[in-house]
Each structure stands twice: as structure tokens, then as C-alpha cells.
Amino acid sequence: MLGRRGAAAGPAVGDTGAGEPFRALPVGVAFPLAAIGGILLALSFPSPGWWFLAYPAVACLLVAVMGQRARRAAWLGYLAGVAFWVPAISWAGRYLGPVPWFALALLEAAYLALGSVAIALAYRWVARVVPSTAGRVWGLPAVVAALWTGREWFSGSWPYGGFAWGRVGLSQSQGPFTHLAAYVGVLGLTFVVVYCVAVIVSLALVVPTELGRSFRLPVRIATAGLLVGAVLAVPAWPTAIDGTIRIESVQGNGPAGYFDGASPGEVLAAQLAATDVEAKGVDLVVWPEASAEFDPRQQPAVASALDSVVTSVGAPIVAGAITQTRSGVLHNTSFVWTTDGWQSSYDKKRPVPFGEYVPDRWFFSKLAPSLIGLLQRDYTPGTKPNVLNVAGIKAGISICFDIVDDGLTTDMARGGAQVILAQTNNADFDGTDENLQQLEIARMRAIETGRSLVNISTVGASQVIDPSGRTIDKVPAYTATSMVTDVPLGTGTTPATLFSGSVTLLVSLGGLLVLLACAPWARRRRDARAGS
């Protein structure tokens, strides 16, 4: 089944010795394998969050496209994408029905199809240029992992800022490789996982030696074990902690959903009722996204309510509200309120496309006028720094969808944030996996930045996470309550916050450039120049 056996090798994946480096699986095997890979990848995310299934999922997808022509690889990738995205983001149809759910799933599946074509070409083109055992065991998987990582980067960036959900690295929030996020970031973790799987796939299926013999099975198993052991041997990044801050995080469980039909002030009242004004030694109170509802500078009743909290608790509050400029521009805002009133604010930089605003409304209104008509308000992305001074510290602010943005995470760390306050409103997705998936993204950001993170939601899941990714406090979802937690303050810098963005871009572009350099037309030009 393995190695260079020519026609006698039958349908096995391997070196055919006849022009094509790897023989493709039959259609009747490749398509079910791709679908299985997509389903397994979906199961690696919450819920159930079986992170270990990401490894066989990636292996299934790689083996399915290996040796395939571009068109078939595209269909295989698309099938895998549909099998993954449809269940993974089923929460997208919670209120608006199947149209936006399937539209997003099918769009994201197209990205996976594009990435599958690149990977299939790598297994054909790069393998011809690098026929040695070492090249196919270590070099080719690096190109494959770089292309996979580049596809995740691209889909998380475009269009309209992208959708950086469903990354392989994000599935590992509870896995043994999680600590590597502090070194390489979430996308770098994707590279590590895919690279390890691709090496093992090569060892298992496609490793001929220059002498025409395969590695013996014990040698292949030992090599795979050494690779995984070497990755696991990397120590956790030493997190620098300097003191703590006592934070009261309040989950009001009010009717904060877009379609809940709450009366004005009802969400604010729920937050007030859940706040423990008798908590001792609190340094800071944190409420979720849009929890104050209206701008307290314009609404005296809201200002009075906030005054009562900061006076009773004896600490400032970071809350959220919808604000409007004099020119009528709407922002989803997080602000600091003290006994002296409004101090500073941050406006959400990543409002949700088709959730908080409609890009190219004129166009999409023609495609789905009834759905687009439900979204009457358009929030404008903010421009202010996402680090605020409050209670004598610097707090990084992330409002809901902001947490998926790599650049905003880096901005917080570089801006000197000592703790991250991740304010969110998951009320529109109650009873779905969205809030659990977002919580695990927040967990990865805590590890990536080496900062404690307070994930506070209107309804749940609300938790306090330390810089290692460990939950140090939490409250039950869909319960009006608060938690008072001594939260460690981070002071150090992780390699991920310094270099991961640049490294990811270089790795992704490097993989693409290697692929293009190994393309048949590039090799023909080199051969022609050599012949002349």
C-alpha cells in the first residue's frame, strides 16, 4: 500500500512513478471521506467541543484531495465545507431563518473549496519538485499547512472584514497544544495542527525513500511520536503577573435580544437588579454590551441609575450603550462612568455585517428585501483606541464580535492593557452554541495575549479566564447574577502579540509563492533557460 510500487500499488495513495506524485482516491471514497472530515471538524467545536476530532478531520480532508485535479478538489472541499459550516453555525438561523444561515455557510464553504484546490495542487506540483523522503515528510506538509493557514486568514479578512470563525486553531481551546497560542497566535496554532497532521499523513501514506523502499512501520510511528512530543515539550509562555483587581461582573439576564420586544429601560433594570451593591472591596464593576441601553449623557434616568451603582459599590463602572453623534452616526459604545460621570469610551470597531449594519444595503435590499428590512439601524465602526484607563489600570475593551479580530487583540496588548473586558450580548442566540463558541474564542485570546479576560454577557456564558486559559470564576447561563473575582493583572508581552500577525502573513504568502514556483509552467521556463 505504501511507497513506489507502480501499477501494482492499485488504488492506494502514493507515488505512482508515472508522472503524478500521488494517486488520487476514487470518487466513491474521496467524497464520503471529505464529508466525514467536515462533520468531524464541526464536532471539534462547542458543542460538543471534542477538540481531538480536529486531527482526524484535517487528515480526512488532506487525504481526500491528495492527487485530485483542481475541479474535483474544489468539489471535495466544498462538500467538506458544507458538512462543517452548516452544523457549526446553525445558530445563525435562530431568528432570521435558514436564508442567512445557509448563505453564510455556503459562502464559507467556497473558501474551503478554494483552499482545497491549492492543497491538491501542492500535493501534485511541490511533490514533483521535492521527491526526496525528507522533502515529502517535512517540506511538503509545511507548504500544505501554510496554504491552509492562508485560506483561514483570507476568509477572516474578506469581505466586509471577514468571518474569522471556525478556524482549526480555535477548536483547540481545551487541547494539549493550546499554550502555543501565546507563541504563534490562533492562526499560528492552525499551522501547527495542520502541519503535524500533514506530516503524519505523509508518514502513513506517501513516504518513498530515494532507494525505492518505504520507512518501516515502527520508524514511521516513532517519527510521528517524536514530532508530537517535540511540540508538546514547548513550555507554556511565562506570564508576568503584577497584582490583582477585584471586579464585579454582572449578568442581568434581561430581555436584551433584538426580537425580545423589551420596553425601554427593561434591560437596564435587569442589570441594576443583578448588581450586588453590597459587595466588599470591589475596584471595578463591569456590565455587558449595550447593558445601559441609552447614552447617559442624553438620558438623565440612565445617568442616575449609574450614579447609584458607583456610589453604592464605591467603584467605577464599565458599561455599554448605543450612542449617537451630533451628525446622526450610531455607535455601539463601551464607556467608563464614575462619580464624576462619563470619563472615556470605546466604539466597537467590528460591528457585525448583516447584524449591526448592512453593507451595500442598496444591493442586498433587492435580493432579500424582507430580511434586510428587519435591520433598520446601521452602526458605524469606531476609531478610538480599545484600551481605556479605569480604576487605576488599563483595560482592553472588546465588544462582542471584536473578539474574533486578530488585529484588535494585538492592539489591546500593545496598548498596555492589563486585563481584557470582553462585553457581549448573546441574547439573540440563547439556547444555541454561539455563546459557547464565542467563549472559547475569548479563552484563546486570553492565552494569546497573556492577559486575564472577563467574558461578561447579558445572558451567558459569563466567565473569568486567567492568562493560561483556565476558568477562575463563572456563573450559570440564563441567570440574573453577578460574580466578584480577584482578577490577575498581566504586565508581560507574548511573542504572539509582537510577531504573530507578520509571521502568519509571511507563512501564508510563502506557501503560495512556493506553490507557484513549483507550477508546471514555472518549471518549464526554468528548464528552457537551463537548456539554452
Side-chain angles (χ1 to χ4, degrees), residues 37 40-41 43-46 48-63 134 136-146 148-149 152 167-205 207 215-241 440-451 453 465-472 490 492-500 503-504 507 511:
L40 291 178
L41 190 57
L43 292 173
S44 70
F45 288 87
W50 295 333
W51 56 266
F52 50 87
L53 292 182
Y55 307 112
V58 172
C60 287
L61 295 175
L62 296 183
V63 174
R136 292 189 179 180
V137 172
W138 308 112
L140 177 57
V143 177
V144 168
W148 188 301
T149 304
E152 287 191 351
R167 294 170 169 177
V168 169
L170 293 175
S171 72
Q172 300 302 294
S173 62
Q174 303 289 342
F177 292 170
T178 307
H179 66 287
L180 297 177
Y183 290 90
V184 296
V186 171
L187 280 171
L189 186 55
T190 289
F191 178 89
V192 171
V193 171
V194 175
Y195 179 71
C196 289
V197 172
V199 168
I200 293 171
V201 166
S202 291
L203 289 169
L205 299 176
V207 188
F215 279 140
R216 296 181 186 276
L217 182 60
V219 176
R220 284 181 276 146
I221 293 175
T223 303
L226 286 172
L227 171 63
V228 175
V231 175
L232 291 176
V234 176
W237 180 257
T239 303
I241 300 297
E440 296 312 305
I441 295 174
R443 190 182 310 280
M444 295 302 296
R445 296 309 191 186
I447 300 167
E448 187 176 10
T449 59
R451 296 291 184 273
L453 184 146
I465 302 166
D466 75 5
S468 70
R470 181 176 61 95
T471 296
I472 58 177
T493 302
T494 65
T497 55
L498 291 176
F499 309 114
S500 64
V503 171
T504 297
V507 166

Any donor and acceptor pair, going by atom type alone, linking the side chain of Ser500 with main-chain N or O of Thr497 inside 3.5 Å? no

Minimum-distance pair of heavy atoms, taken over all atoms of Ala181 and Ile447: CB-CG2, 4.1 Å

How about Arg470 and Ile465: do any of their side-chain heavy atoms sit closer than 4.5 Å? no

Say you draw a straight line from OG1 of Thr504 to CG of Leu187; how long is it, rounded to the nearest 0.5 Å? 5.0 Å

Considering all heavy atoms of both residues, which atom of Ala496 and which atom of Gly185 are nearest to each other, and what is their separation? CB-N, 3.6 Å

For Arg220 and Ser202, indicate whether the former's side chain and the latter's backbone hold a donor-acceptor pair under 3.5 Å. no

With a 4.5 Å heavy-atom cut-off, do Leu53 and Leu41 have their side chains touching? no

Let me confirm one number: the OG1-CG distance from Thr493 to Leu498, rounded to the nearest 0.5 Å. 5.5 Å

Once rounded to the nearest 0.5 Å, what's the spacing between atom CG of Leu62 and atom CG of Leu205? 10.5 Å

Side chain proximity check, Leu40 to Tyr55, heavy atoms < 4.5 angstrom: no

Working note: Val58 + Trp148, criterion side chain to side chain contact (heavy atoms under 4.5 Å, CB included); need CA distance, chi angles, decisive distance, verdict. CA-CA 10 Å; Val58 172; Trp148 188 301; 4.1 Å; yes

Rounded to the nearest 0.5 Å, how far does CD of Gln174 lie from CH2 of Trp51? 10.0 Å

Value for CZ (Arg167) from CZ (Phe45), rounded to nearest 0.5 Å, stands at 10.5 Å

ring-ring contact (aromatic ring centres under 6.0 Å, His included) involving Tyr183 - partner list, sequence neighbours excluded: Trp237

Check whether any side-chain heavy atom of Pro495 sits under 4.5 Å from a side-chain heavy atom of Val184, and report yes or no. no

What is the minimum heavy-atom distance between Ala146 and Gly511, and which atoms define it? CB-CA, 3.8 Å

Between Leu203 and Val137, does a side chain to side chain contact (heavy atoms under 4.5 Å, CB included) hold up when you go through it step by step? CA-CA 7 Å; Leu203 289 169; Val137 172; 4.0 Å; yes

One should read off an interatomic distance between Thr239 OG1 and Asp466 CG, to the nearest 0.5 angstrom, of 8.0 Å

Heavy-atom donor-acceptor pair, Ser171 side chain to Ala54 backbone, under 3.5 Å: no

Between Val186 and Gln172, does a side chain to side chain contact (heavy atoms under 4.5 Å, CB included) hold up when you go through it step by step? CA-CA 9 Å; Val186 171; Gln172 300 302 294; over 6 Å; no

Residue list, salt bridge (charged side-chain N to carboxylate O under 4.0 Å, His left out) with Arg445, at least two apart or on another chain: Asp406, Glu448

Val231 versus Cys196: any side-chain heavy-atom pair under 4.5 Å? yes

Could you name each residue pair satisfying side-chain hydrogen bond (donor to acceptor under 3.5 Å, both in side chains) that touches residues 189-200, not counting sequence neighbours? Glu152-Thr190

Just checking Trp138: does its CH2 atom have more than 12 heavy atoms from other residues, nucleotides or ligands closer to it than 6.0 angstrom? yes

Check the pair Leu232 / Phe177 against side chain to side chain contact (heavy atoms under 4.5 Å, CB included), numbers first and verdict last. CA-CA 7 Å; Leu232 291 176; Phe177 292 170; 3.2 Å; yes

Donor-acceptor pair, His179 side chain versus Val234 backbone, under 3.5 Å? yes

Side-chain contact test, heavy atoms from C-beta onward, threshold under 4.5 Å: evaluate it for Val63 versus Val201 and give yes or no. yes

Donor-acceptor pair between Thr178 and Arg443 side chains, under 3.5 angstrom: no

